[in-house]
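Values reported hereafter were calculated over all heavy atoms of this structure, with side chains retained and with hydrogens, waters and symmetry mates removed.
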Amino acid sequence: MARSGRSSSSSKWRHCHPSYYLKRPQRLALLFIAFVCGTLIVWDRQTLLREHEVEVSKLNEEVIHLQNLLEESKNTGGDATRELAKNDVVPDDPIDIQRREKVKEAMLHAWSSYEKYAWGQDELQPQSMNGVNSFGGLGATLVDSLDTLYIMGLDEQFQKAREWVLNSLDFNKNYEASVFETTIRVVGGLLSAYDLSSDHVFLDKAKDIADRLLPAWDSPSGIPYNIINLAHGTVHNPGWTGGESILADSGTEQLEFIALSQRTGDLKYQQKVENVIAQLNKTFPADGLLPIYIDPLSGTASYSPITFGAMGDSFYEYLLKVWIQGNRTSAVKHYREMWEKSMKGLLSLIRRTTPSSFAYICEKHGDSLSDKMDELACFAPGMLALGSSGYGPVDSKKFLSLAEELAWTCYNFYQSTPTKLAGENYFFHPGGDMSVGTSWNILRPETIESLFYLWRLTGNKTYQEWGWNIFQAFEKNSRVESGYVGLKDVNSGVKDNKMQTFFLAETLKYLYLLFSPPSVISLDEWVFNTEAHPLKIVTRHEGQSFGKSDEKPKPTVRLRGRKEGRSG
């Protein structure tokens with residue numbers, strides 16, 4: 001109506017509009033208000049239009065990004081699709097929830113038994129319901145279990161353990177400690193508890209014990225002696241090695257000591273352990289396979305067996321994991337290069353059985369191969385799967401496929417016995433596949449560890465099923481009234497009287513994570529030491545590797561939240 005009035009004459013519009021009857025100042029005021037309101041309405045509409053245009057632009061950009069990712073996925077074998085999947089919220093499977101709770105209940109049973117009968121001691125003897133100090137009285141089970149308690153949300157138990165660490169954990173012991181075992185269990189356990197909780201009690205204790213271990217590296221070559229007296233700092237190697245240092249024992253402290261330098265700002269820990277790798281790299285063979293004995297005087301390998309089992313295993317594991325710990329930068333590329341050489345060597349040790357074609361890793365003695373594989377070597381499928389992504393497409397597929405083959409073999413270590421629990425090692429025979437060698441089972445985690453990695457990296461739920469079957473075998477054969485025990489014989493099921501610390505630190509933790517969402521201790525943010533203690537990935541920069549000390553790394557602020565065969 002107003003539009004048609006304006007189209008006739010201005011005189012007619014004035015008589016029809018109510019403002020005509022107002023005095024001139026009032027009319028001016030009303031007109032001013034109308035002008036302002038109209039301006040605001042126009043401005044508001046323009047603002048809304050601009051916001052709408054921005055939203056449309058953002059949506060268009062997102063569509064283009066998604067189209068590009070999908071196009072990339074066709075060319076890269078699915079990497080871009082995996083990038084898309086990472087942003088998806090995956091609902092928690094009800095079966096996974098039930099199984100996870102069963103594993104948590106097993107941890108509670110193991111922990112409450114330790115708490116009742118062996119509190120503060122190194123290990124529980126469930127059958128006799130008492131504790132023993134097999135690690136010099138360092139509370140090994142308690143320290144080894146800290147991060148498992150935290151990850152499972154057992155807050156009350158974690159806090160009680162934390163108070164024991166604060167008030168009772170004392171390293172001034174006249175005890176001949178294994179540098180290796182103390183590092184992976186105690187230093188690693190304390191650092192992981194710190195990374196998860198940000199509680200400096202754990203970092204302070206980790207520094208205390210690491211300082212007591214440092215004299216072990218004061219050899220002419222920098223290759224550490226493997227035994228040290230915690231109170232006096234005197235060092236030596238086991239008598240049965242002929243004075244030699246053990247490969248795994250000497251090359252499996254890098255993750256923990258590098259992490260300690262990063263978190264304290266003191267480079268001395270990193271320098272000691274990186275010098276070991278620098279020394280070994282000087283004469284590193286083309287196939288990357290080192291004998292298990294190293295001369296601490298010269299730093300060179302001695303004539304001895306080559307194995308991915310006891311006394312060799314975790315050296316190779318840490319070459320890969322230090323590269324991951326440093327976030328795959330150029331500062332740590334030499335670790336990856338050494339590891340890839342070792343994987344070429346591993347390929348030369350692979351054989352397959354008849355009639356079932358089980359792949360296995362031989363041991364090497366001089367120029368001959370031995371058809372024997374330790375259960376300890378069952379960490380290798382997980383290691384291969386974890387490292388496969390650093391290769392190009394062809395090699396990546398080859399090593400992941402080998403990882404899956406070896407995992408099938410390791411699972412059959414369990415399935416081939418009456419108890420469905422694996423023996424300590426296996427022999428392979430033409431026409432007969434595999435047979436148990438040493439027939440005990442001491443609650444080891446290596447096969448479950450590999451199933452965890454393969455499930456995380458492939459999404460194949462078969463690995464969860466295999467892990468569940470192994471867990472049920474532990475429940476049936478190893479659970480007793482006062483904890484869990486190993487078996488003296490996997491054929492007869494006769495039980496021993498020890499609950500190994502790594503059963504709580506590794507076996508149950510990997511089982512729990514096997515049934516947890518991938519976001520729980522994400523492999524993009526954490527790397528596990530060889531005792532399954534997760535440490536935060538911290539990007540390494542040039543000048544902080546191979547013992548260079550030009551600059552000190554800044555302390556990390558507020559981090560979010562294979563043992564040798566003789567002793568486990």
Side-chain angles (χ1 to χ4, degrees), residues 221 223 244-252 254 274 276-295 298-324 332-353 358-374 376-392 394-406 409-410 425 428 446 450 530 546 562 564-565:
S221 68
I223 301 296
E244 307 282 59
S245 296
I246 299 167
L247 177 63
D249 287 33
S250 303
T252 311
Q254 283 70 28
E274 295 226 295
V276 174
I277 302 303
Q279 293 301 319
L280 295 177
N281 201 26
K282 288 178 181 178
T283 55
F284 205 57
D287 65 2
L289 300 178
L290 286 179
I292 59 174
Y293 293 145
I294 309 291
D295 184 349
S298 66
T300 57
S302 301
Y303 183 83
S304 52
I306 289 171
T307 178
F308 278 80
M311 298 189 284
D313 48 10
S314 50
F315 165 72
Y316 303 103
E317 176 188 357
Y318 270 36
L319 291 179
L320 173 68
K321 287 186 173 179
V322 175
W323 176 70
I324 293 171
V332 286
K333 67 179 180 180
H334 52 279
Y335 284 96
R336 174 76 194 198
E337 290 166 354
M338 291 174 72
W339 182 78
E340 289 191 7
K341 283 185 180 181
S342 299
M343 294 309 99
K344 288 181 182 177
L346 181 143
L347 291 177
S348 72
L349 304 179
I350 298 295
R351 285 184 174 174
R352 289 172 176 81
T353 70
F358 289 120
Y360 61 96
I361 308 171
C362 293
E363 295 183 351
K364 189 173 184 179
H365 302 261
D367 294 327
S368 62
L369 297 183
S370 170
D371 296 301
K372 170 181 172 288
M373 179 175 169
D374 290 348
L376 281 163
C378 285
F379 84 97
M383 175 186 69
L384 289 166
L386 187 61
S388 65
S389 62
Y391 287 108
V394 174
D395 282 339
S396 177
K397 184 177 180 181
K398 176 177 70 176
F399 280 103
L400 183 58
S401 177
L402 177 59
E404 294 178 316
E405 279 192 87
L406 290 170
T409 300
C410 291
N425 51 53
F428 302 89
E446 286 75 22
S450 285
T530 197
F546 268 86
R562 277 40 46 261
E564 63 191 271

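- Side-chain contact annotation: S314 with T252, donor-acceptor N/O pair under 3.5 Å present.
- Counting only heavy atoms from C-beta outward, the side chains of E337 and N281 never approach each other to under 4.5 Å.
- At distances below 3.5 Å, at least one donor-acceptor pair connects side-chain atoms of S304 with backbone N or O atoms of Y293.
- Atom CG of residue L320 and atom OH of residue Y335 lie 12.5 Å apart, to the nearest 0.5 angstrom.
- Looking at every heavy atom in both residues, R336 comes nearest to W323 through NH1-CZ3, 3.2 Å.
- Judged purely by atom type and a 3.5 angstrom limit, S368 uses its side chain to pair as donor or acceptor with the backbone of H365.
- Counting only distance, with no hydrogens or angles, the side chain of S450 and the backbone of C378 share a donor-acceptor pair below 3.5 Å.
- Judged by distance alone, the side chain of T409 and the main-chain N or O of Y360 form no donor-acceptor pair under 3.5 Å.
- Taken to the nearest 0.5 Å, the CZ atom of F308 stands 11.0 Å off from the NZ atom of K364.
- One finds the CZ atom of F315 at 7.5 Å from the CD1 atom of I294 (value rounded to the nearest 0.5 Å).
- Ring centers of F399 and Y391: under 6.0 Å apart, within the cut-off.
- Among all heavy-atom pairs drawn from I361 and A377, the shortest one is CD1-O, 4.4 Å.
- Atoms OH and CE, on Y316 and M383 in that order, are 9.5 Å from each other to the nearest 0.5 Å.
- Interatomic distance, L347 CG to L402 CG, rounded to the nearest 0.5 Å: 6.5 Å.
- The CG atom of L247 lies 10.5 Å from the CG atom of L289; values are rounded to the nearest 0.5 Å.
- For the pair Y318 (side chain) and T530 (backbone), a donor-acceptor distance under 3.5 Å is present.
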